[in-house]
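As structure tokens, the structure follows; a few thoughts come after it.
Note that the numbering runs from 1 along the sequence shown for the chain.
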Amino acid sequence: MTAPATSSRGSWATRAGFILAAIGSAVGLGNMWRFAYKASEGGGAAFVVVYIVFVLLVGMPLMTSEFVIGRLTQESPARALRRLGGSRWAPLGWLFVLCGLGILAYYSVIAGWTMRYAIDAVRNAIPSDTNAYFGQVATGWDAVGFHVAFMVLTIVVVAGGIKGGIERGNLIMMPLLFLILIGLAIWATTLPNGGPGYAYYLRPQLSAVFTRDTLTRAAGQSFFSLSLGMGALMTYASYLRSKTNLGREAMVVALADTGVAFTAGLIVFPLMFAFGLQDQITQIGESTVGALFITLPVGFEKLGRVGDYVDSIFFVMLFFAALTSAISLLEVVVAALVDGFQWTRKRAAWTAGAAIAALGIPAAFNTTFLGNMDLFVGNFLLIVGGFFTALFVGYKMLPQAKAELAQGMESIFTRNTWASLVRYVAPVVLLVVIVFLAKQSWDAFVGLVTFAR
Ligand code: TRP
């Protein structure tokens, strides 16, 4: 139980640096498209309401828990869990690493599409047959090339260290992202015929609130969007030294993430409806990510010269969002190698990054495979990881966790509320979600292994 050599692991230079990096992790491709799509699928405003309740009752308490473990131990998740809970808990840390590898492998493929779109948008080279264009971009060697290029960028930032790489990268990219997002949302209000778009997005279909589907979708989406369930934010918090209020930090991150997701919907839907593209969403319904890449450029094109600028800005924003999230995914794997095997950060980043690049190649050839990775790892395993994290904090280390939280959080009432949510609410809700998701996740898993054969 000797204190680790924290100085050689690195740490954040400022509190804002940590928060911005955590927001950078949370805000990603998940917010820009997955959220809006899920909302439109699952009862509009009803989904938004269930989503927010889920974030408040399960997401924020779990995020706080991850922060607590990270700051308390100043170690990567697997070592932190072993130190606090004994070797029986170390496998949870390995599950986290597995999720990091698995999610980034396909996430980077989608991010590669984003890069390609951003570059072509700037060059004004997105053809009007966006369906064919997407087909060309999304799979095959083109996709592999951009996927690998994106991984290299991610590796370079992570290899640069906590302060000089990750903190600096977020400090530059995140403010730009916010500016672009707000600018686009304001611009979207000027679109002709946008009204029905807002109405469709936010239509209150209250009968959907209590359906099983809305719950599982809100749960999966919130975990993915908040970067929960795989120790990403735990890892980030392990570089945090200052004893600030972790509950408040979690609230800021969750608010920012939800705000961005919500605002992205305020851009995407008016744009689609303004150009009568809404029917295409359902046609391409199956590939949730594809729809964004196929329908939006059509809308942009119809805008003429304005569209030429706006589409570049939009895809550059998407690219920043993806990069700051990918960094946090890679960092989970890198931290495990640095702390566990005393590798240098550079070596860890390049080795893990190369492995992930290789792992993503099947997804770059087949969007069904990509979708299955998303369902099994990006949805199911995250919930499983969150379930065990709640059990760990709630039943294995609650006194220590409360003591750590007390450093910065003064209110006993808030601490006790947090403890009850982690002990009673989160495990029960997550177990229900796991049961609901079992069949779909099993099918996705079978899809993955049969392809591998
Ligand atoms: N939250 C990111 C998004 O919305 C994706 C992501 C980054 C993530 N790091 C994560 C998801 C860790 C789960 C766990 O796009």
Side-chain angles (χ1 to χ4, degrees), residues 26-60 62-63 99 103 106-107 110 200-230 254 257-266 268-269 272 278 281-282 284-292 368 370-387 390 425-426 428-445 447:
V27 170
L29 296 170
N31 303 58
M32 300 299 168
W33 179 239
R34 227 164 163 253
F35 179 85
Y37 176 82
K38 302 271 166 185
S40 76
E41 220 178 35
F47 173 86
V48 179
V49 170
V50 176
Y51 182 89
I52 289 172
V53 171
F54 193 91
V55 168
L56 289 175
L57 295 186
V58 180
M60 264 167 45
L62 257 176
M63 192 186 290
C99 286
I103 295 179
Y106 72 83
Y107 199 82
I110 306 171
Y200 177 80
Y201 175 34
L202 298 172
R203 73 194 188 290
Q205 220 180 57
L206 289 177
S207 59
V209 168
F210 296 106
T211 64
R212 167 187 158 152
D213 231 37
T214 309
L215 173 69
T216 51
R217 216 176 286 128
Q221 174 59 18
S222 66
F223 264 58
F224 187 86
S225 190
L226 294 174
S227 299
L228 290 178
M230 53 154 282
D257 184 67
T258 308
V260 170
F262 185 76
T263 311
L266 294 179
V268 170
F269 283 97
M272 286 191 172
Q278 61 272 27
I281 321 177
T282 39
I284 322 165
E286 266 174 53
S287 77
T288 55
V289 190
L292 172 75
T368 310
L370 190 157
N372 282 333
M373 288 179 91
D374 185 36
L375 280 177
F376 186 69
V377 190
N379 213 40
F380 185 67
L381 288 188
L382 291 183
I383 304 272
V384 172
F387 172 71
V425 177
V428 173
V429 174
L430 291 175
L431 192 61
V432 170
V433 174
I434 288 173
V435 171
F436 284 169
L437 280 174
K439 170 83 175 67
Q440 178 206 44
S441 308
W442 174 252
D443 290 345
F445 179 72

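Between Cys99 and Met230, the shortest heavy-atom contact is CB-CB, 3.7 Å. The heavy-atom pair separating Val260 from Met32 by the smallest distance is CG1-CE, 3.8 Å. When all heavy atoms of Leu215 and Val432 are compared, the pair lying nearest together is CD2-CG1, 4.4 Å. Nearest heavy atoms, Val55 versus Ser222: CG2-CB, 4.0 Å.
Applying the side-chain hydrogen bond (donor to acceptor under 3.5 Å, both in side chains) definition to pairs two or more places apart or across chains, those involving residues 431-443 are Lys439-Asp443.
Annotation: side-chain contact (heavy atoms from CB on, under 4.5 Å) contacts of Val50 (sequence neighbours excluded): Val209, Thr214, Ala218. Qualifying side-chain contact (heavy atoms from CB on, under 4.5 Å) partners for Leu431, counting only residues two or more places apart in sequence or in other chains: Phe387. Shown here are the ring-ring contact (aromatic ring centres under 6.0 Å, His included) partners of Tyr51, two or more places apart in sequence or in another chain: Phe35, Phe47. Take Val428 and apply the side-chain contact (heavy atoms from CB on, under 4.5 Å) test, not counting sequence neighbours, and it matches no residue. Taking Phe262 as the reference, Tyr201 meet the ring-ring contact (aromatic ring centres under 6.0 Å, His included) condition, with sequence neighbours excluded.
In this structure, CD1 in Ile383 is found 12.0 Å from CZ in Phe224, a value given to the nearest 0.5 Å. For the atom pair Thr258 OG1 and Leu226 CG, the distance stands at 6.0 Å (nearest 0.5 Å). Note that the CD1 atom of Ile110 and the CG atom of Asp374 stand 6.5 Å from one another [nearest 0.5 Å].
Judged by distance alone, with hydrogens and angles left aside, the side-chain atoms of Asn379 form no donor-acceptor pair with the main-chain N or O of Phe376 at under 3.5 Å. Side chain of Ser225 to main chain of Gln221: no donor-acceptor pair is present (N/O by atom type, distance under 3.5 Å, no hydrogens or angles).
Here the side chains of Ile103 and Leu382 are in contact, with some heavy-atom distance below 4.5 Å. In this structure, the side chains of Leu375 and Phe380 stay at 4.5 Å or more apart for every pair of heavy atoms. Put simply, the side chain of Leu62 reaches to within 4.5 Å of the side chain of Leu430, judged on heavy atoms.
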